[in-house]
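What follows is a set of notes on a single structure, which appears directly below.
Throughout, numbering of the chain's residues begins at 1 and tracks the sequence. Side-chain atoms are counted along with the backbone in the values below, which use heavy atoms only and exclude waters and symmetry mates.
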Amino acid sequence: QYNIKIGFNILPSQSNVQLSMRIVLAGIEKTHQLGICLGESLDVPSVLLLEGDLGAGKTSLVQGVGEGLGVSELIVSPTFTLINEYIGARCPLYHLDLYRISPSEVYQLSLETYWEGIETEPGITAIEWSEHMPYKPYSYISIHFTQIDEDIRNVEISMCRYVLPEALSDFFKIKSH
């Protein structure tokens with residue numbers, strides 16, 4: 001069962017509305033299912049900024065996103081390669097891991113080439129350890145994981161200048177009953 005709290009916040013420095021949700025997920029399978037739903041319903045291009053401790057569920061979510069997109073390859077965390085690109089599904093999945101990178105080194109990666117479609121085909125960009133980013137895209141979904149115990153995770157999802165796809169809205173309505 002899902003426990004969901006939804007609210008709207010006006011961002012103080014911008015004139016836009018941010019939607020935020022808090023979800024309690026029981027088991028890594030639920031994290032994976034959330035990822036599948038995201039992969040099936042996110043518009044292209046979309047950016048997922050993922051935060052949370054080691055083992056909190058970031059990579060499991062991205063594996064679900066890949067499954068929802070139709071990626072047939074095994075999705076693994078790019079901790080040492082920094083970026084894994086999965087092409088050949090509904091759209092490309094760009095999976096980045098900034099765990100080993102300092103904010104000053106992030107500039108050298110030119111991350112905007114992924115979310116702006118510069119030199120790459122537009123797709124879904126999922127960035128683990130996004131708190132290391134000194135800058136963010138104009139529009140994104142932020143997902144913060146807090147692991148309560150081995151099986152329970154609090155997940156806070158915030159959308160900045162991003163409209164939630166109807167299929168995803170339906171997912172949360174169905175699961176919140």
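- Rounding to the nearest 0.5 Å places CH2 of Trp129 at 13.5 Å from CD1 of Ile101.
- A single hydrophobic cluster is not seen to contain both Ile141 and Ile127; linkage of ILVMFWY side chains at heavy-atom distances under 4.5 Å, directly or through other members, places them apart.
- Taken from OG in Ser142 to NZ in Lys136, the straight-line distance is 6.0 Å, to the nearest 0.5 Å.
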Which atom pairs, donor and acceptor, lie under 3.5 Å between side-chain atoms of residues 47-60 and protein residues at least two apart or in another chain?
from  : atom 1 : to     : atom 2 : distance (Å)
Glu51 : OE1    : His144 : ND1    : 3.4
Lys58 : NZ     : Gly52  : O      : 2.8
Lys58 : NZ     : Asp53  : O      : 2.9
Thr59 : OG1    : Glu128 : OE1    : 3.1
Thr59 : OG1    : Glu128 : OE2    : 2.8

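- In this structure, Ile83 CD1 and Leu109 CG are separated by 5.5 Å, a value rounded to the nearest 0.5 Å.
- Atoms CD1 and CG, from Ile143 and Leu38 in turn, are 5.5 Å apart once rounded to the nearest 0.5 Å.
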Enumerate, atom names and distances included, each donor-acceptor pair closer than 3.5 Å involving a side-chain atom of residues 113-123, sequence neighbours excluded.
from   : atom 1 : to     : atom 2 : distance (Å)
Thr113 : OG1    : Ser110 : O      : 2.8
Tyr114 : OH     : Glu85  : OE2    : 2.9
Thr120 : OG1    : Thr113 : O      : 2.8

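- Separating the CD1 atom in Ile124 from the CG atom in Leu42 is a distance of 4.5 Å, to the nearest 0.5 Å.
- Between Tyr135 and Tyr107, the distance separating the two ring centers is shorter than 6.0 angstrom.
- At a threshold of 4.5 Å between side-chain heavy atoms, the hydrophobic network of Ile, Leu, Val, Met, Phe, Trp and Tyr places Ile28 and Leu25 in two separate groups.
- Annotation: cation-pi geometry satisfied between Arg161 and Tyr138 (NZ/CZ under 6.0 angstrom from ring centroid, within 45° of ring axis).
- In this structure, the separation between CG on Leu82 and CG on Leu96 is 8.0 Å, given to the nearest 0.5 Å.
- Judged by distance alone, the side chain of Ser41 and the main-chain N or O of Cys37 form a donor-acceptor pair under 3.5 Å.
- In this structure, Arg90 contributes its side chain and Gly39 its backbone to a donor-acceptor pair below 3.5 Å.
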For a quick test of your reading: what N or O donor-acceptor pairs under 3.5 Å do the side chains of residues 63-76 make, sequence neighbours left out?
from  : atom 1 : to    : atom 2 : distance (Å)
Gln63 : NE2    : Ile75 : O      : 2.8
Glu67 : OE1    : His32 : NE2    : 2.7

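- Between Pro134 and Pro103, the shortest heavy-atom contact is CG-O, 3.4 Å.
- Distance alone, capped at 3.5 Å, is enough to place a donor-acceptor pair between the His132 side chain and the Leu98 backbone.
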